[in-house]
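For reference, the structure discussed in these notes is given below.
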Amino acid sequence: MVNKMKIIAACGVMGLSIASFSAAVTAYDGTNCDAPGDCWQPKPGFPEKIEGTKYDPKHSKEELGKQQKAIQAMERRNAKRAEHFKKTGEWVYDISKLE
Amino acid sequence: MKINSMRFLSAIALALMVASPYTMANQKLDKMSKEDSNWVMPGGTYDFNVFGEQTEINVNNVDQLRPAWSFSTGVLSGHEGTPLVIDGMMYIHGPYPNNTFALDLDNPSEIVWQHKPKQDPAARAVACCDVVNRGLAYWPGDGDTPPLVIKTQLDGHLVALNAKTGKEYWKVEVMDISVGQTLTQAPYVAKDLAIVGSSGAELGVRGLVSAFNVKTGAMEWRWYATGPDEDIGLADNFNSENPHYGQEGLGQKTWEKDAWKIGGGTNWGWYAYDPDLEMFYYGSGNPAPWNETMRPGDNKWTMTIWGRDVNTGLAKFGYQKTPHDEWDYAGVNVMVLTEQEIDGEMRKVLTHPDRNGIVYTLDRETGDLLRADKLDETANWVKYVDMETGLPVRDPEYSTRMGHRSRDVCPSAMGFHNQGVMSYDPEQQNFFIGINHLCMDWEPFMLPYRAGQFFVGANVWSYPGPKGNREEGIGSGQVKSYNAKTGEFEWSVMEKFSVWGGTMATAGNLVFYGTLDGFIKARDSRNGELLWKYKLPSGSVGYPLTYTHNGTQYVGINYGVGGWPAVGLVFDLEDPSAGLGAVGAFKELQNHTQMGGGFIAFSLRGQGPFDDLSVGEYKPNN
């Protein structure tokens, strides 16, 4: 059951924080929230978005996608191993022996 | 909130299909964990109290502890964690190459079986901080599937071994070293699932937690720390009792563009499990890269205490301790489950000493934040935690940012507490916490992401905190007794070096721990008085365990200096900022200990299996 008092209290605090956000020009202390769980703000002199600024790391999309490709490939191989184990009772790690 | 319907339904179906056998296996392990003769999981029991009920060794006789027997693993580097003891057998793990040994406690001079995996040595090059491993898991078997010892390998494999023979039962790929992913964690068994996390946030690895069916090796669920909600696995009632923590969409909204794909949040620490609630608990780690300027936003859900349903893995609550981390305060540390009377009400709680220098107590059913106390008053990045919002109120003086060297930030990136465990005495109702008393300078730099390469973006110089001796590089550790009901520290002592491995307490009013410079020590857990110590062959980054065998209580510990604090010693580094800032902090360590690797068991007067001189002797046939 949701604790209504807690929500009201939290909303009250958030409301105050959001109200103070518009006037926030001081250093980031993590308490001025746009929404619950979203309380970051740029430090003085730093941009809200780094894309196109001198802080843009210009990541390669290809590099960013490599982890997920690796994970999906492992999941496929593991599924084949488990399927073979289910059928035969023998665990074969080497995928080339299952194809 | 949208949940990936196929994954969600399959997870529910799994839970329903196997509810009965799950419960049986779970109860068996739970029961075994409460026997003095066993140490069946890293924390001893599901609640991770790291506590021995035995009183044979106590404050009145602990000075008579002597070595009973020892075992060399034949491997150097950091020996984190502690072995398992199950039905008269000890299972010993080790750092890369992650050999595992089974020893019969009636005659530990003969190795019953050994598992020595062949791994791609390239795994060593993508290990963050030495090539450590934190331990093993055990599943007790049923009529069809044998008992299993389950281990992780640095190269990213999760392997189940037949506990009787050491033969591989199944072996799955969890991580891929070619993209910087590794495994260093002790896996965890709850019900019939082997739960395992991920390592590699220093290489931009996106954290995940997975569960594999112990009987079949099939993956049952997998959830991430960052990204779309359907990847993170949020239950329909996620944070419904604490909506101010945040709820939907934040795994993407709190990152700029696709930064969540390389945003870290790995979990390589410890798990705890509540069999009644069927929930397990752990912390996700630091966002990547360390350079905060490169990742605007709160970076959900890194740095989060998770409460997840074990059957589906779906999260009931998530509390982010350090939004938009600026200091590498990876939130993976231990969760200890207790029942405490807080503000006049008995509550099922979890207590978590975080790297950020705060010890948190949450209601583990709801995620309610009940306490947040500084582990040491010298923590300065945060003024206090607002108990209404759960937000840390930061002191901007100790923030980090591009073009600026932040100085005297406490804790250091290594945290006031790191991978070490924390023990709890249910009678005293006190926690015993090993502390790293370390602060740092921090200076970020820009770098591109390349899969499989280090992605840190900060130079760090760690050094002893203000209570230590910064010039000589000593005074970087503490041990403290903490009462979660009052928030008071009942005693505190300084140590020469960080108390990295953590503590183990017993009903004999004792708290044991190892030190980096190579001592195992016993203190009176009521007042901190030092009662006994023994110099080990090498420094310890593991933690003690206790078990009773053939009527004798033993206390044992891994030795083998290494891990993050000792990377300078292990790899012979001198630049104080090397080793992600650890080398300078522990420059003096090499004058106290050198590498080694093994386990020593102690008992009163050293009594043990070799009191019978015939044990281990050659017995001629004629």
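Letters A, B, ... mirror the listed sequences (proteins, then strands); counts begin at 1.
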Which answer fits [X], side chain, backbone, both or neither, if we ask what part of it has an atom under 4.5 Å from a heavy atom of chain A?
{"X": "B:Ile262", "answer": "both"}
{"X": "B:Val205", "answer": "both"}
{"X": "B:Glu326", "answer": "side chain"}
{"X": "B:Leu447", "answer": "backbone"}
{"X": "B:His157", "answer": "side chain"}
{"X": "B:Met446", "answer": "side chain"}

Most contacts with chain A, counted as non-hydrogen pairs under 4.5 angstrom, among [options]:
{"options": "B:Lys383, B:Arg295, B:Lys300, B:Gln320", "answer": "B:Lys300"}
{"options": "B:Lys257, B:His324, B:Lys261", "answer": "B:His324"}
{"options": "B:Gln181, B:Glu168, B:Glu256, B:Glu292", "answer": "B:Glu256"}
{"options": "B:Pro323, B:Ser399, B:Gly403", "answer": "B:Ser399"}
{"options": "B:Pro396, B:Gly390, B:Pro296", "answer": "B:Pro296"}

TODO: Find the distance between OH (B:Tyr319) and CG (B:Asp368) and round it off to the nearest 0.5 Å.
DONE: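 CG of B:Asp368 is found 12.0 Å from OH of B:Tyr319.
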TODO: Would you give the length of the straight line joining atom CG of A:Leu98 to atom NZ of A:Lys80, rounded to the nearest 0.5 angstrom?
DONE: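 Separation between the atoms: 8.0 Å.
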Open item on the list: Are B:Tyr224 and B:Trp260 an aromatic pair, judged by ring center distance below 6.0 Å?
Closed with: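 No.
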Answer with yes or no whether the side chains of [Y] and [X] bring together a donor and an acceptor at under 3.5 Å.
{"X": "B:Gln247", "Y": "B:Asn239", "answer": "no"}
{"X": "B:Asn213", "Y": "B:Glu220", "answer": "yes"}
{"X": "B:Thr254", "Y": "B:Asn299", "answer": "no"}

Task: Contact winner vs chain B - A:Glu63, A:Lys66, A:Lys86, A:Gln67, heavy-atom pairs under 4.5 Å - done: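 Heavy-atom pairs under 4.5 Å are most numerous for A:Gln67.
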Task: Option in A:Gln68, A:Lys54, A:Glu62, A:Met74 with maximal non-hydrogen atom pairs under 4.5 Å from chain B - done: A:Met74
TODO: Describe, in one word, how the ring planes of B:Phe238 and B:Trp301 are oriented to each other, choosing from parallel (under 30°), tilted (30 to 60°) and perpendicular (over 60°).
DONE: perpendicular
Open item on the list: I'd like to check the side-chain contact (heavy atoms from CB on, under 4.5 Å) partners of A:Thr88; sequence neighbours left out, ordered by chain and number.
Closed with: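 With sequence neighbours excluded, A:Thr88 shows a side-chain contact (heavy atoms from CB on, under 4.5 Å) to A:His84, A:Glu90, given in chain and number order.
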Task: ring pair (Phe, Tyr, Trp, His ring centres under 6.0 Å) contacts in which one or both residues fall within residues 52-77 of chain A, not counting sequence neighbours - done: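 Pairs touching residues 52-77 of chain A that pass the test: A:Phe46-A:Tyr55, A:His59-B:Phe455.
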